[in-house]
Amino acid sequence: MSERVSWKTYFMNIAKEVATRSTCDRKHVGAVIVRDKTILSTGYNGSIKGLKHCDDIGHEMVDGHCVRTTHAEANAIVQAAKNGVSINGSEIFVTASPCYNCFKLIANSGINKIYYDEFYRDDRIIKYASEANIELIAMD
C-alpha cells in the first residue's frame, strides 16, 4: 500500500499545477487558498483579463520586474471575491513567497498562514508576518 501525501504537500502540489497556467514566462507562480482542507480559490500570474499575455507580446519591464501580470496570490484573492467566497481565516499555498504588495493583500484579506515552496526576494514579509501574527511557513 502506498503512503498518501500530507495535506500540505497535496495543496502545494495543486499550487504547482495551477502555476502551469501562468502566462508570463519569466516566472510561473500558482496559489491555492484553503480552509478546513477545502480549496476556496486558485490563481496564477497572468495579464489583465482580456488583454494580451507576456508570452504573446512580451514583457512590460519596470525596475527589472515584469509588471504586465497580476500575481498569483492577488488573482486567487480576486477570484474568491468575484465569486463571493469568504477567505477570512484561511491559508494560502504559493509556489513562491509573496512580494510585499501581495503580502499586504493576503494580510488584509484575513489569510493567517502562508505556505511557500521557494523564497522569492522580499525579506520585509518575514518581519511583517511576525508582527501581523501570520504564519510564514517554508515547505521543505
Side-chain angles (χ1 to χ4, degrees):
M1 181 174 171
S2 64
E3 190 170 321
R4 291 171 28 167
V5 299
S6 70
W7 283 105
K8 292 174 189 172
T9 300
Y10 172 71
F11 291 124
M12 187 57 75
N13 287 346
I14 293 171
K16 289 175 184 175
E17 187 65 26
V18 170
T20 67
R21 291 282 306 151
S22 295
T23 61
C24 181
D25 58 10
R26 288 179 50 87
K27 188 152 190 75
H28 291 194
V29 180
V32 177
I33 300 174
V34 176
R35 187 176 49 240
D36 298 326
K37 299 177 185 166
T38 301
I39 295 172
L40 303 175
S41 185
T42 66
Y44 54 87
N45 56 320
S47 295
I48 296 170
K49 185 177 179 177
L51 299 186
K52 296 187 185 230
H53 302 293
C54 297
D55 290 355
D56 298 329
I57 63 168
H59 303 284
E60 185 179 338
M61 301 300 291
V62 175
D63 296 328
H65 301 281
C66 179
V67 296
R68 178 175 293 286
T69 64
T70 301
H71 290 182
E73 307 93 321
N75 272 329
I77 291 167
V78 166
Q79 286 303 310
K82 182 178 171 184
N83 292 301
V85 177
S86 172
I87 56 174
N88 191 43
S90 64
E91 307 171 342
I92 190 166
F93 291 78
V94 191
T95 58
S97 62
C99 70
Y100 186 48
N101 285 330
C102 285
F103 174 79
K104 292 185 284 185
L105 292 174
I106 289 167
N108 286 352
S109 71
I111 293 171
N112 55 31
K113 287 186 184 177
I114 302 168
Y115 295 91
Y116 64 91
D117 195 42
E118 166 197 355
F119 189 82
Y120 187 67
R121 293 191 180 164
D122 206 325
D123 290 328
R124 290 178 290 185
I125 68 171
I126 296 168
K127 176 184 185 240
Y128 292 123
S130 177
E131 289 180 21
N133 293 318
I134 295 171
E135 290 185 62
L136 189 60
I137 304 160
M139 298 284 291
D140 296 322

More than 12 heavy atoms from other groups under 6.0 Å of CG on L51: yes

So does D36 have more than 12 non-hydrogen atoms from other groups sitting under 6.0 Å from CG? no

Can you tell me how far [atom2] of [Y] sits from [atom1] of [X], rounded to the nearest 0.5 angstrom?
| X | Y | atom1 | atom2 | result |
| --- | --- | --- | --- | --- |
| N45 | E73 | CG | CD | 8.5 Å |
| I39 | K37 | CD1 | NZ | 13.5 Å |
| T69 | H53 | OG1 | NE2 | 11.0 Å |

Between [X] and [Y], is there shared hydrophobic-cluster membership here, with clusters defined by ILVMFWY side-chain heavy atoms closer than 4.5 Å?
| X | Y | answer |
| --- | --- | --- |
| I14 | V85 | no |
| Y116 | I125 | yes |
| I137 | I87 | no |
| I114 | L40 | yes |

Taking all non-hydrogen atoms of both residues into account, name the closest pair between [X] and [Y] and its distance.
| X | Y | result |
| --- | --- | --- |
| V29 | A72 | O-CB, 3.5 Å |
| S41 | A76 | OG-O, 2.6 Å |
| G58 | R68 | O-NE, 3.4 Å |
| I134 | K113 | CG2-N, 4.3 Å |
| C66 | C24 | SG-SG, 3.9 Å |
| K8 | M139 | O-CE, 3.5 Å |

If only atom types and distance count, is the side chain of [X] paired as donor or acceptor with the main-chain N or O of [Y] below 3.5 Å?
| X | Y | result |
| --- | --- | --- |
| D55 | D25 | yes |
| N75 | Y44 | yes |
| D117 | M12 | no |
| T20 | E17 | yes |
| R35 | S86 | yes |

Hey, does I33 have a side-chain heavy atom less than 4.5 Å from the side chain of I77? yes

Would you check if V34 and Y10 make a side-chain contact, meaning some heavy-atom pair closer than 4.5 Å? no

Where does the angle between the aromatic ring planes of F11 and W7 fall among parallel (under 30°), tilted (30 to 60°) and perpendicular (over 60°)? parallel

Residues passing the side chain to side chain donor-acceptor pair (under 3.5 Å) test with R124, sequence neighbours excluded, are D122

Just distance, no hydrogens or angles: give the donor-acceptor pairs under 3.5 Å from side chains in residues 92-103, sequence neighbours left out.
unit_1: T95; atom_1: OG1; unit_2: G30; atom_2: N; d: 3.1
unit_1: S97; atom_1: OG; unit_2: Y120; atom_2: N; d: 2.7
unit_1: N101; atom_1: OD1; unit_2: K104; atom_2: NZ; d: 3.2

